[in-house]
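As structure tokens, the structure follows; a few thoughts come after it.
We're numbering straight along the sequence, starting at 1. These numbers come from the heavy atoms of this one structure, side chains and all, not from hydrogens, waters or symmetry mates.
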Amino acid sequence: MKIVVVGGVAGGASAAARLRRLDENAEIIVLERGEYISFANCGLPYYIGEVIKKRDNLVVQSPENMKERFNLDVRVLNEVKNIDTEKKQVEIYDIKNKKNYRESYDKLILSPGAVPIKPPIKGFDAPNVFTLRDIPDTLAIKNFVDEHNPKSAVVVGAGFIGMELVENLHRRGIAITIVELAEQVLAPLDQEMASLIHQYLKEKKVEFYLNDEVKEVKHQKEFSLVKLGNGREIKTDMVSIGIGVRPEVTLAKKSGLEIGKRSGIKVDRFLKTSNPDIYAVGDAIEVVDYINGNPTLIPLAGPANKQGRIAANNICGIPEEYEGTQGTSILKVFDMTVAATGNNEKLLKRCNVPYEKSFTHSSSHAGYYPEALPLSIKLLFSPDSGKILGAQIVGYDGVDKRIDVISTAIRAGMTVYDLEKLELAYAPPYSSAKDPVNMAGYVASNILKADHAIIHWNKLKKINKEKTILVDVRHPYEFKRGTIEGAINIPVDDLRNRINEIPKDKNVIIFCKQGLRGYIAYKILKQKGFENIKNLSGGYLTYFPAIQKQSNIGIFDYEKIDKEDFIKPNEHSAS
């Protein structure tokens, strides 16, 4: 059997290696139009920031290594221009030798990946305007920073790549301005979770404009002017575009393969395209959303690797279905870590999936052990069964292991009741006797069992103030530092003695810092005969960041930027 793999990196390279492990006698050709067959694309921003010191560390496998270990015919700088599906041949252009040739195939695997979205905006074609997708892009950005020593940069788009660039350019002492069309950074997060990132970016002296866009870039001799939709012009030395990627489907379209509703290559559950001898994997394909069952685009390395393996299995007669992508992702934003899995609230609404939500704020490990840091979890779950639909976590230490536990629980079809029961590793330096995942399960379960009536932060602005009393059950010194407008302060420990201060003929909304003291107060009042009471889910820690001004505009004067003013690499901030 002769198999041609078009494209390397995560999907194509893993497919080729798996094919060889399954069939020692197959003829396997890997064609890659770029210079590198397998590189660490997730590590590219960290080379720019000099966290990764050596360029060679970005190369996962060379053609020579893949030939030696897997007996693969790997051809870089060979671009497939067309697929003749009737003759089962691919038309190839050898870029280095400038010649065209053909190769036949019995089975074909497409792994063309995705390409950066670069809108047709005037000034985006200048030498100081960059996208970041592969090693040549990385080298171009790093060389510019090394040679020109820019003092400012505008990053257009605040997705994963954009935010990683923000951190790593900041490490190089560059003043950063983000321009984001949406109302928040990091689309996988919901608004109140993104607000935690917004406030943190302000601490890091990052300027950012939300609900705005770049209209034009004017290039002067000494600097460039980035014109925004609001009319403001930002002086800068360089521009990086990170507004997302789109599936690379040019070859698939030209070859008559079916394209899905989301503009990715359409594949079945076995990763087969509309042509029975052609499979497709990676960022170019539409996948099934594991939570809501709809077709979607989720360009992540982990799923691409798994898809490559599954396609190879099916070609070699080992039937295996790809069950969908749940979008588990994690990102480092300076010292902070952001992670998500499953669907967020916005997506569940769009797909008309019923859900309930909870917020918990725990410590990364036992509070009495030094350096315990905050960890915020938003859990989304079915209001009927308690099945977990998604989660978002923002914190410092321990975010990764908690998102992995919840991601595994989703894949296993578990409920919030199961999260209560999980027996997770505990020692004071690593966790608490009730792990943050357990705590999220307890809170969500209490909501579903009607043991704990809650109200969410964004509903407070709609309450009837004449018929409602807000009770802040925190300590007086916390109350003095800031509270919700109109609230009275009755600390939870004083509540039994001061219960007569709370009228029974009004709706009562209780809140504390993070929800626990509010829950205790709720149980006291409930057993004292109060009926119309609710606890603010996630407490003041969820409410306060969400109601703040989210953008951070106009903080730089280009002429006065001093690179020495910026926070040095690895400086820790968790306030």
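Other residues, nucleotides and ligands contribute over 12 non-hydrogen atoms within 6.0 Å of the CZ atom of Arg498. Surrounding OH of Tyr430 are at most 12 heavy atoms belonging to other residues, nucleotides or ligands under 6.0 Å away. Atom CZ of Phe270 has more than 12 heavy atoms from other residues, nucleotides or ligands within 6.0 Å. The 12-atom threshold is exceeded at CD of Glu321, counting heavy atoms of other residues, nucleotides or ligands nearer than 6.0 Å. Counting non-hydrogen atoms of neighbouring residues, nucleotides and ligands closer than 6.0 angstrom, the CD atom of Glu501 exceeds 12 such neighbours. By the 6.0 Å contact criterion, NZ on Lys528 is open, its count of non-hydrogen atoms from other residues, nucleotides or ligands being 12 or less. Around NZ of Lys346, the count of heavy atoms belonging to other residues, nucleotides or ligands within 6.0 Å exceeds 12. Other residues, nucleotides and ligands contribute only 12 or fewer heavy atoms inside 6.0 Å of the CD atom of Glu485.
Distance alone, capped at 3.5 Å, is enough to place a donor-acceptor pair between the Ser537 side chain and the Phe359 backbone. Proximity of a side-chain donor or acceptor of Asp418 to a complementary backbone N or O of Thr415 within less than 3.5 Å is detected. A donor-acceptor pair under 3.5 Å links the side-chain atoms of His475 to the main chain of Tyr477, judged by distance alone. Panel note: side chain Asp289, backbone Gly324; no donor-acceptor pair is recorded below 3.5 Å. Of the possible polar contacts, one joining the Asn489 side chain to the Asp472 backbone as a donor-acceptor pair under 3.5 Å is found. In this structure a side-chain-to-backbone donor-acceptor pair under 3.5 Å is missing from His365 to Ala427. A side-chain donor-acceptor contact under 3.5 Å links Ser14 to the backbone of Gly11. For Asn168 (side chain) and Glu164 (main-chain N/O), a donor-acceptor pair under 3.5 Å exists by modelled atom type. No donor-acceptor pair closer than 3.5 Å links the side chain of Tyr396 to the backbone N or O of Ser364. Within the 3.5 Å criterion, the main-chain N or O of Leu271 finds no donor-acceptor partner in the side chain of Tyr322.
Two residues are said to be in side-chain contact when any heavy atoms from C-beta on lie closer than 4.5 Å; Val287 and Thr296 meet this criterion. Within the 4.5 Å cutoff, the side chain of Ile406 has heavy atoms near those of the Ile388 side chain. For the pair Asn211/Glu183, a side-chain contact is recorded, criterion being any heavy-atom separation below 4.5 Å from C-beta on. Two residues are said to be in side-chain contact when any heavy atoms from C-beta on lie closer than 4.5 Å; Leu297 and Glu286 meet this criterion. Put simply, the side chain of Tyr279 does not reach to within 4.5 Å of the side chain of Gln307, judged on heavy atoms. Side-chain contact between Leu110 and Leu257 is present, with at least one heavy-atom pair separated by less than 4.5 Å. Looking at Thr131 and Ile161, their side chains never come closer than 4.5 Å, going by heavy atoms from C-beta outward. Residues Leu181 and Ile243 are not in side-chain contact: their nearest non-hydrogen atoms beyond the backbone lie 4.5 Å or more apart.
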Begin from the C-alpha positions of Ile553 and Asn230 and carry the test side-chain contact (heavy atoms from CB on, under 4.5 Å) through to its verdict. CA-CA 12 Å; Ile553 65 177; Asn230 65 11; 5.9 Å; no
As a quick check of understanding, evaluate salt bridge (Lys or Arg N to Asp or Glu O under 4.0 Å) for Glu167 and Lys332, giving each step before the final call. CA-CA 9 Å; Glu167 176 184 349; Lys332 180 179 180 291; 2.3 Å; yes
Passes side-chain contact (heavy atoms from CB on, under 4.5 Å), Gln184 versus Ile197? Steps please. CA-CA 9 Å; Gln184 64 174 75; Ile197 309 301; over 6 Å; no
Please lay out, stage by stage, how Lys202 and Phe208 fare under the test side-chain contact (heavy atoms from CB on, under 4.5 Å). CA-CA 9 Å; Lys202 292 176 183 179; Phe208 53 99; 4.1 Å; yes
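Between Ala339 and Leu189, the shortest heavy-atom contact is O-CD2, 4.4 Å. Nearest approach of Leu422 to Asn438, heavy atoms of both residues: O-ND2, 3.1 Å. When all heavy atoms are compared, the tightest approach of His170 to Lys204 is NE2-O, 3.0 Å. Counting all heavy atoms, side chain and backbone alike, Leu375 lies closest to Pro436 at CD2-CB, 4.1 Å. Ala311 approaches Val281 most closely through the heavy-atom pair CB-CG1, 3.8 Å.
Separation of atoms CE (Met193) and CD1 (Ile393) is listed at 8.0 Å; rounding is to 0.5 Å. Annotation: the span from Asp435 atom CG to Leu424 atom CG amounts to 5.0 Å, rounded to 0.5 Å. Atom CG of Leu201 sits about 11.0 Å away from atom CD1 of Ile176, to the nearest 0.5 Å. Here the OH atom belonging to Tyr519 is positioned 11.5 Å from the CD1 atom belonging to Ile524, to the nearest 0.5 angstrom. The CG atom of Leu331 lies 5.5 Å from the CZ atom of Phe160; values are rounded to the nearest 0.5 Å. Met163 contributes atom CE, which lies 7.0 Å from atom CZ of Phe334 (distance to the nearest 0.5 angstrom).
Residues Arg133 and Asp283 are paired through a salt bridge, judged by an N-O separation under 4.0 Å between the basic side chain and the carboxylate. A salt bridge links Lys378 with Glu192: the distance from a Lys NZ or Arg NE/NH1/NH2 to an Asp or Glu carboxylate oxygen falls below 4.0 Å. By the 4.0 Å N-to-carboxylate-O rule, Lys523 lies close enough to Asp451 to be salt-bridged with it.
Partners of Arg309 by side-chain hydrogen bond (donor to acceptor under 3.5 Å, both in side chains), not counting sequence neighbours: none found.
Side-chain polar atoms of His198 and Gln191 form no donor-acceptor pair below 3.5 angstrom. When only modelled atom types and interatomic distance are considered, Ser407 and Gln326 share a side-chain donor-acceptor pair under 3.5 Å.
A cation-pi arrangement is present between Lys504 and Phe530, with the terminal nitrogen or guanidinium carbon under 6.0 Å from the aromatic centre and inside a 45° cone about the axis.
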